[in-house]
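For the single chain, residues carry numbers from 1 onward in sequence order. Atoms within each ligand, like the ligands themselves, are counted from 1 in listed order. What you see below is based on every heavy atom in this structure, not just the backbone, and it leaves out hydrogens, waters and symmetry mates.
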Amino acid sequence: MNHPSQPRSRAASSAWFAEALGHFPGGVNSPVRAFRAVGGDPFFAVSASGSRVRTADGDELIDYVGTWGPAILGHAHPVVVKAVQEAAARGTSFGIPNPLEVELARRVKARFPSVETLRFCNSGTEACMSAIRLARGFTGRDGIVKYDGCYHGHADSLLVEAGSGALTLGTPDSAGVPAALARLTHVLPFNDVEALEDLFRHRGDDLAAVILELIPANAGLYVPRPGFLETLRDLCTRHGVVFIADEVMTGFRLAPGGAQELLGVRPDITCLGKIIGGGLPVGAFGGRSDIMERLAPLGPVYQAGTLSGNPLAMAAGIATLDELERVNGHRRLEELGTLLDQGMADAAREAGVPIHWRRVGSMFCAYFTDHPVWNLTDALRSNREQFARFFHGMLGEGIYFAPSQFEAGFLSTAHTPDDLLATIQAARRVLARW
Ligand code: KE4
């Protein structure tokens with residue numbers, strides 16, 4: 001593919017955005033798309049294929065957002081498009097069990113041994129919200145624990161010190177969440193074993209669940225210190241607290257079996273989304289059968305969805321997972337990531353700009369700080385003005401990074417060494433101008 005085009009005027013996107021502002025709050029259907037963290041107005045995408053997204057203005061950008069994770073094969077992969085076309089021709093929704101649900105469930109369970117039974121739903125939010133309700137129903141307890149900076153979608157109980165767009169917009173505690181409900185959510189600093197042990201010492205037997213991203217990617221990207229997850233697993237087991245791993249973003253991305261395979265931890269419930277729908281609306285939650293059996297119609301915890309197990313999303317997910325395995329995608333993603341590591345480190349060093357570069361598999365984050373980042377407090381030290389300058393500089397070079405310091409970037413198997421070379425050369429030019 002040719003090198004990304006130098007963005008021309010944004011007239012077409014501006015015209016679309018001007019009208020969108022009259023239709024949608026902030027002109028968007030999801031807040032992080034509004035570019036509020038980096039300034040300026042968003043471009044409009046009209047098509048995407050492989051590692052590229054094409055804007056309404058005729059620009060072609062190298063895309064490191066990948067629709068926030070689902071596009072692990074790149075955009076419009078032929079096998080995914082064909083699978084969706086064929087499924088659509090057979091009917092877009094049945095509202096009745098269909099074989100594709102079973103086929104995708106087989107693939108999820110083959111890669112996630114901790115998932116004994118599961119249920120499909122329509123978003124990561126729904127998966128996490130349902131997992132919390134299930135844990136409360138299973139334990140008969142109300143308290144939950146989440147970690148600052150982690151984002152689990154926009155269910156009321158989880159919009160407390162949340163990451164992603166909530167953090168980006170400075171509204172980590174959303175308005176509209178009843179104080180009585182928010183009080184049931186205890187928030188801890190990630191990687192802080194002492195705070196965890198202290199909370200369990202005082203409240204362990206009141207807790208229904210702990211939910212966390214095993215490798216948090218909604219305040220940039222940071223990783224668990226050795227022993228942290230092991231302590232959490234042990235405390236949950238000892239106190240009968242449901243350990244919920246939110247792998248909506250990391251599932252099937254960081255390894256075939258997600259972050260839990262990489263880290264060797266076995267949660268009680270895992271939440272999934274994004275990649276398992278190949279870009280179509282999907283979510284899933286699953287784990288220990290003794291917990292999942294409390295779900296209706298077997299048990300007293302209600303959860304439902306008109307489009308859950310939708311044949312198009314199932315077909316796209318099956319095609320995505322099969323192709324990812326066929327091309328040994330995770331090895332390729334690691335090769336690409338290693339190239340990016342070296343190039344970004346060189347670019348920052350040559351320009352003398354402090355960047356703490358963190359990458360795990362095909363996810364990465366460039367924090368504009370010279371401190372290491374192990375938790376939200378560290379992440380908040382990063383220089384957001386510098387990030388915004390870098391973001392727009394790269395966009396001007398035809399490279400689209402996530403429009404917030406508190407989001408991760410994503411590689412796909414469609415990215416090429418040429419794409420990375422163009423990206424690194426662009427970073428050198430952008431940083432050299434500082
Ligand atoms: P959705 O409801 O957006 O499908 O998933 C919510 C969710 C749950 N858990 C994790 C770990 C997540 O990262 C997400 C959503 N991810 C963000 C990007 N960081 C979605 C982008 C957006 O909100 O527009």
Side-chain angles (χ1 to χ4, degrees), residues 24-37 42 45 63-72 120-132 146-169 171-172 174 190 209-224 244-254 258-260 267 269-285 305 307-308 310 313 316-317 360 362-365 376 379 400-410:
F24 318 116
V28 294
N29 286 299
S30 197
V32 74
R33 305 177 190 170
F35 278 23
R36 288 292 172 98
D63 175 18
Y64 289 102
V65 179
T67 181
W68 303 102
I72 195 164
F120 290 116
C121 54
N122 298 284
S123 70
T125 293
E126 216 188 315
C128 296
M129 172 184 74
S130 306
I132 293 293
K146 77 175 286 292
Y147 279 88
D148 59 359
C150 285
Y151 178 70
H152 307 290
H154 59 87
D156 281 356
S157 290
L158 296 168
L159 276 180
V160 181
E161 293 192 49
S164 186
L167 181 61
T168 293
L169 295 176
T171 57
S174 171
F190 192 77
V210 177
I211 185 168
L212 79 167
E213 296 171 72
L214 301 176
I215 294 180
N218 281 291
L221 185 70
Y222 40 85
V223 297
I244 302 172
D246 178 353
E247 293 229 45
V248 166
M249 218 145 45
T250 56
F252 299 99
R253 176 165 281 281
L254 295 186
Q260 60 193 263
I269 296 287
T270 296
C271 299
L272 296 166
K274 297 183 189 263
I275 288 172
I276 61 168
L280 273 70
V282 75
F285 58 106
L307 297 176
S308 298
N310 174 273
V360 181
S362 57
M363 297 174 77
F364 61 83
C365 177
L376 178 63
Y400 174 45
F401 276 176
S404 165
Q405 174 70 91
F406 304 119
E407 292 291 354
F410 300 88

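Rounding to the nearest 0.5 Å gives a distance of 7.0 Å between OG of S123 and CE of M129.
A donor-acceptor distance shorter than 3.5 angstrom exists from the side chain of K274 to the backbone of W68, with no hydrogens or angles considered.
Side-chain rings of F190 and Y222 approach one another, their centers coming within less than 6.0 Å.
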Can you give me a line-by-line list of nitrogen or oxygen pairs between ligand 1 and the protein shorter than 3.5 Å?
residue  : atom   : partner : partner atom : Å
ligand 1 : 2 (O)  : T125    : N            : 2.8
ligand 1 : 2 (O)  : T125    : OG1          : 2.6
ligand 1 : 4 (O)  : G124    : N            : 3.0
ligand 1 : 9 (N)  : Y151    : O            : 3.3
ligand 1 : 9 (N)  : D246    : OD1          : 3.3
ligand 1 : 9 (N)  : D246    : OD2          : 2.7
ligand 1 : 13 (O) : N218    : ND2          : 3.0
ligand 1 : 16 (N) : K274    : NZ           : 3.0
ligand 1 : 19 (N) : S164    : OG           : 3.4
ligand 1 : 19 (N) : N218    : OD1          : 2.5
ligand 1 : 19 (N) : E407    : OE1          : 2.7
ligand 1 : 23 (O) : S30     : OG           : 3.4
ligand 1 : 24 (O) : S30     : OG           : 2.6

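Residues T250 and E213 bring no donor and acceptor atom of their side chains to less than 3.5 Å of each other. Using modelled atom types, one finds no donor on one side chain facing an acceptor on the other under 3.5 Å when comparing S404 with E407.
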Name every donor-acceptor pair, under 3.5 Å, that has one atom in a side chain of residues 28-37 and the other anywhere in the protein, sequence neighbours excluded.
none

